[in-house]
Amino acid sequence: MPVRRSDTVPTATLHRWQNRAQKQLATFLAHGAQADLPPLMWTLATSGALTGEADSLSYTPEGQRAAVEQWAAHVGATVTTRTTSDGREELYAGWKIGKGVDEVGGCFRATIFADDEEDA
């Protein structure tokens, strides 16, 4: 059986990483409101990684693209796009903020389904 990261990293370290990311999320929420950025659905991983997703329930396909692009521009990240074999368009913008032990990382993303384009 493979060893999972949470089995090799002390629990106190995982909590510290999540706490750092939670503080970054609070900063994102404040900056997002101040800069009138589109709200995202946020996920905080055990590793402390933050994911902000522009989901298809809240946004049109164009709105999803705009949300990812605006958040990426806010932190200086580059958006990459790929189309899957089943026609989904996946947008991804990875980012890191801080240095050394204070670094927090994550991504902004969206998955746009081919059928969503026709309904937009």
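Just so it is clear, the values below take in all heavy atoms, side chains as well, and ignore hydrogens, waters and symmetry mates. Computed from a predicted structure; not experimentally measured.
The ring pair (Phe, Tyr, Trp, His ring centres under 6.0 Å) search around F28 returns W42, W71, W95, F108, not counting sequence neighbours. Under the side-chain contact (heavy atoms from CB on, under 4.5 Å) criterion, A45 pairs with S47, A49, sequence neighbours left out. By the side chain to side chain donor-acceptor pair (under 3.5 Å) test, D55 pairs with S58, sequence neighbours left out.
L40 CG to Y59 OH: the interatomic distance, rounded to the nearest 0.5 Å, is 6.0 Å. Summarising the geometry, atom CG belonging to N19 is positioned 9.5 Å from atom CG belonging to L44; distances are rounded to the nearest 0.5 Å. Within the model, atoms CD1 of I112 and CZ of R65 stand 4.0 Å from one another, a figure rounded to the nearest 0.5 Å. With rounding to the nearest 0.5 Å, the separation of OG1 in T80 from CG in L91 is 7.5 Å. Distance CG/L50 to CD/Q24: 7.0 Å, rounded to 0.5 Å.
Residues I97 and Y92 are members of separate hydrophobic clusters, defined by side-chain heavy-atom contacts under 4.5 angstrom among Ile, Leu, Val, Met, Phe, Trp and Tyr. Under the 4.5 Å side-chain heavy-atom criterion for ILVMFWY residues, no single connected hydrophobic cluster contains both M41 and F113.
Nearest heavy-atom pair across Q64 and A54 is NE2-O, 2.9 Å. For the pair G48 and A21, the tightest heavy-atom approach, listed with the atom from each and the gap, is O-CB, 2.9 Å. Pairing each heavy atom of T81 with each of E89, the nearest pair is CG2-OE2, 3.2 Å.
Residues in residues 90-103 take part in these salt bridge (Lys or Arg N to Asp or Glu O under 4.0 Å) pairs, two or more places apart or across chains: R82-E90, R88-E90. Each salt bridge (Lys or Arg N to Asp or Glu O under 4.0 Å) pair with one or both residues in residues 29-54, not counting sequence neighbours, appears once here: E53-R109. Pairs engaging residues 10-27 under the salt bridge (Lys or Arg N to Asp or Glu O under 4.0 Å) rule: none recorded [sequence neighbours left out].
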Between W17 and V104, is a side chain to side chain contact (heavy atoms under 4.5 Å, CB included) present by the stated rule, with each step listed? CA-CA 8 Å; W17 290 347; V104 175; over 6 Å; no

